[in-house]
Chemist: 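Here it is: the structure, laid out below.
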Amino acid sequence: MTKILYILLLSMSFIGCSTPKFYTEIARMQKEIRDDIDKAEGNTPNEVRIKGYDMNKLVLKKMRNELKNTNHILYYYSPDSSFSSNKFWFTIYDVDNKVYYSLENNDSYKKKIDLIEKKDNLSDKFALFIFNNYMNNNCELLKNKGNVDISGVRTCEAIYEINLTNKENKHCYFKNFTSIN
């Protein structure tokens with residue numbers, strides 16, 4: 001019996017990967033963002049959920065093999081700002097391996113995540129603008145670009161930095177904006 005328990009524990013230690021920890025940190029920071037916005041505006045941001053499904057969890061589950069040897073990521077999500085849309089785009093930068101992953105939820109099956117591309121550089125100019133400003137500590141610039149009075153549905157976008165090595169996890173959230181002039 002002790003041998004079986006030992007083998008089971010040993011095999012579980014080899015199965016583990018970092019994506020559950022990334023998810024835990026993103027969920028914690030997402031709650032902080034909701035609390036901040038509640039205090040500031042009395043509104044909650046557009047959560048990355050479709051009818052009870054947590055899209056962040058689905059994205060990180062999809063990426064578990066790609067991120068298994070990674071301890072540091074930047075994770076950006078952007079919901080579609082259409083009123084009735086359940087569409088989300090995600091960009092993950094694997095800092096350790098210097099690779100970008102672009103993902104989205106599937107048009108026909110909203111809870112299915114599709115990996116669109118894996119590249120050494122980011123081809124989406126808007127996402128590149130977000131990442132460059134975040135990495136240059138310009139979160140306030142992103143917030144200011146989103147603080148304009150426009151009518152229609154406003155969504156909250158966020159970029160998360162999770163570093164499992166030094167435990168310095170940060171985030172930047174801002175309201176969506178359409179131009180980067």
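Quantities reported herein were computed from a predicted structural model and do not represent experimental measurements.
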Chemist: List the atom of A127, the atom of L122, and the distance in Å for their closest heavy-atom pair.
Modeler: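 So the minimum-distance heavy-atom pair works out to C-CD2, 3.6 Å.
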Chemist: Assess whether side chain to side chain contact (heavy atoms under 4.5 Å, CB included) is satisfied between K62 and L115, documenting all intermediate values.
Modeler: CA-CA 8 Å; K62 170 77 175 180; L115 177 60; 4.3 Å; yes
Chemist: Would you check if the side chain of N144 reaches a backbone N or O of E140 as a donor-acceptor pair within less than 3.5 Å?
Modeler: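 Yes; judged by distance alone, with no hydrogens or angles, the pair exists.
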Chemist: With a 4.5 Å cut-off on side-chain heavy atoms, are Y101 and K119 touching?
Modeler: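 They are not in side-chain contact.
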Chemist: Run the numbers on T91 and D124 for side chain to side chain contact (heavy atoms under 4.5 Å, CB included), then give the verdict.
Modeler: CA-CA 10 Å; T91 305; D124 180 314; over 6 Å; no
Chemist: State, without any angle test, whether E157 and Y76 hold a side-chain donor-acceptor pair at a distance under 3.5 Å.
Modeler: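 On atom types as modelled, these side chains qualify, holding a pair under 3.5 Å.
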Chemist: Classify the side-chain pair E168/N163 by whether it contains a donor and acceptor separated by less than 3.5 Å.
Modeler: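 There is no such pair between these side chains.
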Chemist: Under 4.5 Å between any side-chain heavy atoms of I113 and E104, yes or no?
Modeler: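 In short, these two side chains do not touch, never coming nearer than 4.5 Å.
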Chemist: Would you tell me whether D94 and N97 have side-chain atoms, one donor and one acceptor, within less than 3.5 Å of each other?
Modeler: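 Their side chains do contain a donor-acceptor pair, which is all the 3.5 Å distance test asks for.
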Chemist: Using the rule given for side chain to side chain contact (heavy atoms under 4.5 Å, CB included), can you reason through M29 versus N169, listing the C-alpha separation, both sets of side-chain angles and the distance that settles it, and then say yes or no?
Modeler: CA-CA 9 Å; M29 288 187 281; N169 304 322; 4.1 Å; yes
Chemist: For F88, does its backbone N or O pair with a side-chain atom of N105 as donor and acceptor, under 3.5 Å?
Modeler: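 Between the backbone of F88 and the side chain of N105 there is a qualifying donor-acceptor contact (under 3.5 Å).
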Chemist: Could you tell me if the side chain of H72 sits less than 4.5 Å from the side chain of L164, heavy atoms only?
Modeler: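 Contact flag for L164/H72 side chains = no.
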Chemist: What distance do I162 atom CD1 and R28 atom CZ have between them, rounded to the nearest 0.5 Å?
Modeler: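 These two atoms lie 9.0 Å from each other.
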Chemist: With hydrophobic residues grouped by side-chain heavy-atom distances under 4.5 Å, do Y77 and I116 end up in a single group?
Modeler: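 As far as the 4.5 Å side-chain criterion goes, I116 and Y77 are not connected within one cluster.
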Chemist: Considering the options Y75, Y23, Y160, which one meets the side chain to side chain donor-acceptor pair (under 3.5 Å) requirement together with N56?
Modeler: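 Per the side chain to side chain donor-acceptor pair (under 3.5 Å) rule, the option paired with N56 is Y75, out of Y75, Y23, Y160.
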Chemist: Are the side chains of L142 and C172 in contact, using a 4.5 Å heavy-atom criterion?
Modeler: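 Heavy-atom side-chain distance check passes, below 4.5 Å.
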Chemist: Rounded to the nearest 0.5 Å, what separation is found between the CZ atom of F129 and the CG atom of N133?
Modeler: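 With rounding to 0.5 Å, CZ (F129) is 4.5 Å from CG (N133).
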Chemist: Return the OH to SG distance between Y173 and C139, rounded to the nearest 0.5 Å.
Modeler: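 If I round to the nearest 0.5 Å, the distance is 8.5 Å.
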Chemist: If you compare all heavy atoms of F131 against all heavy atoms of L74, which two are closest, and at what distance to 0.1 Å?
Modeler: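 Between these two residues, the closest heavy atoms are CE2-CB, 3.6 Å.
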Chemist: Output the distance between atom NZ (K170) and atom CD (E32), rounded to the nearest 0.5 Å.
Modeler: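 Answer rounded to 0.5 Å: 13.5 Å.
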Chemist: Could you tell me which non-hydrogen atom of Y134 sits nearest to which non-hydrogen atom of E161, and how far apart they are?
Modeler: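 Result for this residue pair: OH-OE1, 2.9 Å.
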Chemist: Is there side-chain contact between V95 and I73, with heavy atoms separated by less than 4.5 Å?
Modeler: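 No, their side chains stay 4.5 Å or more apart.
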Chemist: What I'd like to find out is whether the side chain of V99 reaches to under 4.5 Å of the side chain of E66, using heavy atoms alone.
Modeler: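 Contact flag for V99/E66 side chains = no.
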Chemist: Can you sort out the partners of Y93 under ring-ring contact (aromatic ring centres under 6.0 Å, His included), two or more places apart, ordered by chain and number?
Modeler: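 Applying ring-ring contact (aromatic ring centres under 6.0 Å, His included) to Y93 gives Y100.
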Chemist: Holding to side chain to side chain donor-acceptor pair (under 3.5 Å), I want the full list of residues that pass it with N132, two or more places apart in sequence or in another chain.
Modeler: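 None.
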Chemist: Measuring from atom NE2 of H171 to atom CD of E25, what distance do you get when rounded to the nearest 0.5 angstrom?
Modeler: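 One finds 12.0 Å between NE2 of H171 and CD of E25.
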Chemist: Would you say the side chain of F90 lies within less than 4.5 Å of the side chain of M63, judging by non-hydrogen atoms?
Modeler: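 SC-SC contact between M63 and F90 ruled out.
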Chemist: Kindly indicate whether the side chain of L103, heavy atoms from C-beta on, has any atom under 4.5 Å from the side chain of D114.
Modeler: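 Result no, sub-4.5 Å side-chain heavy-atom pair not found.
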Chemist: Are D96 and T70 close enough that a side-chain donor and a side-chain acceptor fall under 3.5 Å?
Modeler: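 Checked: D96/T70 side chains show no N/O donor-acceptor pair below 3.5 Å.
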